[in-house]
Amino acid sequence: MMLSHIFGWNAKENCLPLEIVYGSGMRVLLIITGSIAAEKIPDLLHKLKSNGHSITCVLTRAGAEFIIPDSLERLTGNKTYTELFTGDDGKEMGHIRLSREADLVVVAPATADIMAKMAAGLADDLASTLLLATDKPVMIAPAMNVRMWENKAVQRNALILKQDGVLFIGPESGDLACGEEGWGRMSEPKQIADRVEKFFKRKDALKGLKVLVTAGPTIESIDPVRYIANRSSGKQGYAIAESLAAAGAEVTLVTGPTSLPKPHVAKIIEIESASEMLDVALKNLPADIAVMAAAVADWGIKNPAKNKMKNMPELKFTENPDILAEISKNKKKAKLVIGFAAETENLLGNAKKKLLAKKCDWILANNVGSKKVFGSNENKILFIERAHSEQWPEMSKIEVAEKLVEKIINTLGRKNEKYKVISKATA
Ligand code: C5P
């Protein structure tokens, strides 16, 4: 039985819950498709069960090559389903019932094949049929060879699924079962179980809110071939965009060039220069929240050459627009504007100056002088608002994103008239 949110989210009144209380006992429908990563499923089942959830498994024919229904039934205590037509279930439309009874559908491991079926809307077995029939959120943990994952068809399907609102967990980059290395490794059971927990805790907390996120570097052309850029990887901004979307926000991500897999958000707009980023950002206002995580180049090239330069140029620079400051002062500005500050000295002092100069609400400051931050998976944030600052311990960029989203959920209710807390805890 689905446990209720004690603090309800009321989309019509744009009210945010102060805190969402959920309990164990959610129902997960786990679809297992044919990948060697299915070997990790017993561990995943153990973790989901420890968190108190009830799991029903569906195995595809290929999935059954890696794990047998009996094991799954023993591990879950529930019947495992494999066939679309069993002959004994004809009256009650088994696939509809299975897909509707769940609170969440998880496909792990998700092969390129099931992704293609989902993207195309095919329904030729039990798994694909109930994925079409479900009215519940679907989360997938892809697992495949790196060349398969990078294949244009798979990427196209991944994009379609993201646009359709399918939530992705991974894949990760690392050693693959086939002996190759790269993107395509299924996320670890702990990551999947944690993501499921977060989903149950957060889902819908920011529903109905529009968020603008900038991420990555900007690049400034010298000529059609060369440019200047910075070391931003985009990892922090992408993680924030992803976490906001997972909390139900409608996220528009404006991103400079990065080599990262695209996050699963409503809209992604790719730009190159700071002035393009400003144009696109302004066009995507109004928003309820703006998170300016991009490392915007402070200076552009004055009069970039139209043709490839043949001699060493003497570069002249021109000041770029300050996107964060523009968003903060823009009439249609977001209700909550969050900036970043990458500093090499006097972190608190310089970041505080930035907060006041750019008139944003919060700054997430980090020291990029002492340690590698650009491109790394970790970050150590000093969180600053006007009258308060707090040091966050070093954590992964994903954890930073989660912590920030938690803060947004807990704060927005108090900060804006529009977002009134509708009830207090009675539990
Ligand atoms: O690069 P810096 O540490 O000054 O960036 C501080 C904040 O200002 C960041 O949130 C960044 O996205 C934003 N910024 C901007 N436009 C600029 C420079 C920085 O929006 N031209």
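Only this structure's heavy atoms are used, side chains among them; waters, hydrogens and symmetry mates stay out.
Every side chain to side chain contact (heavy atoms under 4.5 Å, CB included) that P69 has, sequence neighbours left out, goes to L59, T80, T82. By the ring-ring contact (aromatic ring centres under 6.0 Å, His included) test, W299 is found to be paired with no residue, residues two or more places apart in sequence or in another chain being considered. K358 meets the salt bridge (Lys or Arg N to Asp or Glu O under 4.0 Å) test with D322; sequence neighbours excluded. Applying the salt bridge (Lys or Arg N to Asp or Glu O under 4.0 Å) rule to K190 yields the partners D194; only residues at least two apart in sequence or on another chain are considered. Under the rule for a salt bridge (Lys or Arg N to Asp or Glu O under 4.0 Å), E73 has no partner lying at least two apart in sequence or in another chain.
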field: From CA spacing to verdict: side chain to side chain contact (heavy atoms under 4.5 Å, CB included), V400, L364
entry: CA-CA 10 Å; V400 168; L364 276 70; 4.3 Å; yes
- request: Before giving the answer on salt bridge (Lys or Arg N to Asp or Glu O under 4.0 Å), spell out for D103 and R27 the whole-Å C-alpha distance, their side-chain angles and the decisive distance to 0.1 Å.
  value: CA-CA 5 Å; D103 296 303; R27 292 156 309 178; 3.2 Å; yes
task: Report the C-alpha separation of F66 and I41 in whole Å, then their side-chain angles, then the decisive distance to 0.1 Å, and conclude whether the side chain to side chain contact (heavy atoms under 4.5 Å, CB included) test is met.
output: CA-CA 10 Å; F66 295 92; I41 290 305; over 6 Å; no
task: Before giving the answer on side chain to side chain contact (heavy atoms under 4.5 Å, CB included), spell out for V166 and V107 the whole-Å C-alpha distance, their side-chain angles and the decisive distance to 0.1 Å.
output: CA-CA 10 Å; V166 172; V107 188; over 6 Å; no
- request: Please test E180 against R147 for side chain to side chain contact (heavy atoms under 4.5 Å, CB included), starting from the C-alpha separation and ending with a verdict.
  value: CA-CA 9 Å; E180 290 184 38; R147 297 277 164 265; 4.1 Å; yes
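Pairs passing the salt bridge (charged side-chain N to carboxylate O under 4.0 Å, His left out) check and including a residue from residues 215-225, sequence neighbours excluded, read D223-R226. Applying the ring-ring contact (aromatic ring centres under 6.0 Å, His included) definition to pairs two or more places apart or across chains, none involves residues 98-146. Sorted by first and then second residue, the salt bridge (charged side-chain N to carboxylate O under 4.0 Å, His left out) pairs involving residues 33-42 (not counting sequence neighbours) are K40-E188. Listed by first then second residue, pairs satisfying ring-ring contact (aromatic ring centres under 6.0 Å, His included) with a partner in residues 97-134 number zero, not counting sequence neighbours. Listed by first and then second residue, the salt bridge (charged side-chain N to carboxylate O under 4.0 Å, His left out) pairs that reach into residues 120-135 are R100-D135, K117-D124, K117-D125, sequence neighbours excluded. Within the structure, the ring-ring contact (aromatic ring centres under 6.0 Å, His included) test picks out the following pairs touching residues 146-174 (sequence neighbours left out): F168-H264. Sorted by first and then second residue, the salt bridge (charged side-chain N to carboxylate O under 4.0 Å, His left out) pairs with a member in residues 227-248 form an empty list; sequence neighbours excluded.
The environment of R61 atom CZ is sparse: at most 12 non-hydrogen atoms of other residues, nucleotides or ligands sit within 6.0 angstrom. Counting heavy-atom neighbours within 6.0 Å of I55 CD1, excluding the residue itself, gives a total above 12. Other residues, nucleotides and ligands contribute only 12 or fewer heavy atoms inside 6.0 Å of the NZ atom of K353.
For the pair L355/R386, a side-chain contact is recorded, criterion being any heavy-atom separation below 4.5 Å from C-beta on. Under the 4.5 Å side-chain criterion, counting only non-hydrogen atoms from C-beta, F317 is in contact with I228. Between N366 and Q236, every side-chain heavy-atom pair lies at or beyond the 4.5 Å cut-off. Residues L29 and T134 form no side-chain contact, since every pair of their non-hydrogen atoms from C-beta on lies 4.5 Å or further apart. When side chains are defined from C-beta on, E399 does not count as touching E378, because their heavy atoms never get closer than 4.5 Å. Side-chain contact check for I32 versus P109: some heavy-atom pair is nearer than 4.5 Å. I408 has its side chain out of reach of V211: every pair of non-hydrogen atoms, C-beta onward, lies at least 4.5 Å apart. Y81 places none of its side-chain heavy atoms less than 4.5 Å from the side chain of L130.
Rounded to the nearest 0.5 angstrom, M186 CE and L176 CG are separated by 12.5 Å. If you take CD1 on I269 and CE on M277, they are separated by 10.5 Å, rounding to the nearest 0.5 Å. Distance CD1/I240 to CD1/I398: 11.5 Å, rounded to 0.5 Å. Rounded to the nearest 0.5 Å, atoms OG (S243) and NZ (K397) are 14.0 Å apart. Taken from CG in L126 to CG in L131, the straight-line distance is 9.5 Å, to the nearest 0.5 Å. The distance from atom OG1 of T56 to atom CG of L72, rounded to the nearest 0.5 Å, is 11.0 Å.
Annotation for T111 and G34: closest pair CG2-O, 3.3 Å, computed over non-hydrogen atoms. When all heavy atoms are compared, the tightest approach of T218 to A297 is OG1-N, 2.9 Å. The two residues P217 and T258 come nearest to each other via the heavy atoms CD-CG2, 4.1 Å. M148 and A112 make their closest contact through CE-CB, 4.0 Å (heavy atoms, listed as atom of the first residue, atom of the second, distance). Heavy atoms only, all atoms of each residue included: P263 and I268 are closest at O-CD1, 3.5 Å. In terms of heavy-atom proximity, I409 sits nearest to A247 at CD1-CB, 4.4 Å.
The backbone N or O of V296 sits nowhere less than 3.5 Å from a side-chain atom of N320 that would complete a donor-acceptor pair. Panel note: side chain T255, backbone G216; no donor-acceptor pair is recorded below 3.5 Å. The closest donor-acceptor contact from the side chain of D361 to the backbone of V337 lies under 3.5 Å. Between the side chain of T214 and the backbone N or O of A293, at least one donor-acceptor pair lies under 3.5 Å. In this structure, the side chain of K354 does not engage the main chain of A341 through any donor-acceptor pair within 3.5 Å.
Residues K407 and E390 are paired through a salt bridge, judged by an N-O separation under 4.0 Å between the basic side chain and the carboxylate. Taking the charged nitrogens against the carboxylate oxygens, K47 and E197 have no contact shorter than 4.0 Å, which rules out a salt bridge.
S273 and Y227 share no side-chain donor-acceptor pair at under 3.5 Å. Between the side chains of E172 and S187, a donor-acceptor pair is found at a separation under 3.5 Å.
Put simply, the residue from V291, V280, I327 that forms a side-chain contact (heavy atoms from CB on, under 4.5 Å) with L212 is I327.
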